[in-house]
Amino acid sequence: MSKNTLKICIGTPCHLMGAADLLESVENLNHKLREKIELKTSHCIDNCCEKAPVAEFNGKVYQDLNPEKLDKIIRENIR
Ligand code: FES
């Protein structure tokens, strides 16, 4: 089974804007969702730092995130 790939940026701007909260929210996803996701970190995604925090899910970049937005993105796009 190929997994969904979630890359969360932990570069300084994203770190300052709450990247740790995003990581924590992914770790707290229910087990069924969490096991389908390969979680990676990055030190910058497409130079989107002005719109931090940033993450990439299955190749698409999402900006200006918070845990609620990321949760919605995951649920709507998970394979
Ligand atoms: S540091 Fe996060 S997008 Fe550049």
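One-based numbering, in listed order, for ligands and for the atoms of each. Keep in mind that this is a model prediction, so the values were computed, not measured.
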Atoms of ligand 1 less than 4.0 Å from I45 heavy atoms? 3 (S)
Could you tell me if any non-hydrogen atom of N47 lies under 4.0 Å from any atom of ligand 1? no
Any side-chain heavy-atom pair of N4 and F57 under 4.5 Å: yes
Heteroatom N/O/S of C14 within less than 2.8 Å of atom 4 (Fe) of ligand 1: no
Heavy atom of A52 under 4.0 Å from ligand 1? no
Closest to atom 1 (S) of ligand 1 among protein heavy atoms sits C9 SG, 3.4 Å
Output the list of atoms in ligand 1 that are nearer than 4.0 Å to some heavy atom of G11, sorted by atom number. 1 (S)
Within the structure provided, determine whether C9 and P53 are in side-chain contact (heavy-atom separation under 4.5 Å). no
Do the non-hydrogen side-chain atoms of V54 and C49 ever get within less than 4.5 Å of each other? no
Pairwise side-chain contact, R34 with V26, heavy-atom cut-off 4.5 Å (strictly under): yes
Just so I know, are the side chains of I37 and K3 near enough to count as touching, which here means a heavy-atom distance under 4.5 Å? no
List the atom of C48, the atom of V61, and the distance in Å for their closest heavy-atom pair. SG-CG1, 4.1 Å
At a 4.0 Å threshold, what atoms of ligand 1 neighbour a non-hydrogen atom of C49? 1 (S), 3 (S), 4 (Fe)
